[in-house]
Asker: 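Supplied in structure tokens, the structure appears directly below.
All of these numbers come straight from a predicted model, not from anything done at the bench.
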Amino acid sequence: MGIGGTAKKLQKVAEMGEELYKRINELRTQVAEMRETVTETHERVDRLENEVAEQRAILAALAEHEGIDVDALVAEAHISEAESAATADTASAAEGSDDTAAGGDTAGTDEHAEDADESTSADTTRE
């Protein structure tokens, strides 16, 4: 190999080095910006958590003043949410059984049926 070939290879290596240097500097900039964003987000989350805690305390004081049982309301909300989820599960299980009756795919049907049985027994237990 002659000097010309070696010079071309060295030039190529130098260009690759310059490109990598640019990319590394870009990555450093991105990492610095990301750190700043994370710090700002952390501070914002801390402020929001403090505000929520203050609002929760105010609501609890108002509820106590009005004679409202906050724990009972929260429990009722969780029960309603669970019932909504169970209804959605039952509806999707029924949808799956309609597909099976129409000659659709039967894979996973047993799983949906078990979910429906569990939600039905849970409704019966609650009554």
Asker: Out of the candidates Thr39, Asp46, Val45, only one should pair with Glu43 under the side-chain contact (heavy atoms from CB on, under 4.5 Å) rule; please name it.
Answerer: Thr39
Asker: Could you check if a side-chain atom of Asp69 sits within less than 4.5 angstrom of a side-chain atom of Leu73, using non-hydrogen atoms only?
Answerer: no
Asker: Asn25: what forms a side-chain contact (heavy atoms from CB on, under 4.5 Å) with it, not counting sequence neighbours?
Answerer: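 Applying side-chain contact (heavy atoms from CB on, under 4.5 Å) to Asn25 gives Tyr21, Arg28.
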Asker: Could you state the interatomic distance from CD (Glu64) to CG (Leu62), rounded to the nearest 0.5 Å?
Answerer: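 Between Glu64 CD and Leu62 CG, I get 10.0 Å after rounding to 0.5 Å.
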Asker: Return the set of residues passing side-chain contact (heavy atoms from CB on, under 4.5 Å) with Val52 (not counting sequence neighbours), or none when no residue passes.
Answerer: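 Expected list: Arg56.
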Asker: Has Glu40 got more than 12 heavy atoms of other residues, nucleotides or ligands less than 6.0 Å from its CD?
Answerer: yes
Asker: Could you state the interatomic distance from CG (Leu20) to CG (Leu27), rounded to the nearest 0.5 Å?
Answerer: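 Between Leu20 CG and Leu27 CG, I get 10.5 Å after rounding to 0.5 Å.
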Asker: Atom NZ in Lys12, atom NZ in Lys9: separation rounded to 0.5 Å?
Answerer: 8.5 Å
Asker: Run Glu15 and Gln11 through side chain to side chain donor-acceptor pair (under 3.5 Å) and show every step you take.
Answerer: CA-CA 6 Å; Glu15 289 171 2; Gln11 181 63 32; 3.2 Å; yes
Asker: Evaluate the side-chain proximity of Thr41 to Arg44: yes if any heavy-atom separation is below 4.5 Å, no if none is.
Answerer: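 Side-chain contact under 4.5 Å: yes.
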Asker: Kindly write out the residues that satisfy side-chain contact (heavy atoms from CB on, under 4.5 Å) with Arg23, not counting sequence neighbours, or none if the list is empty.
Answerer: Glu19
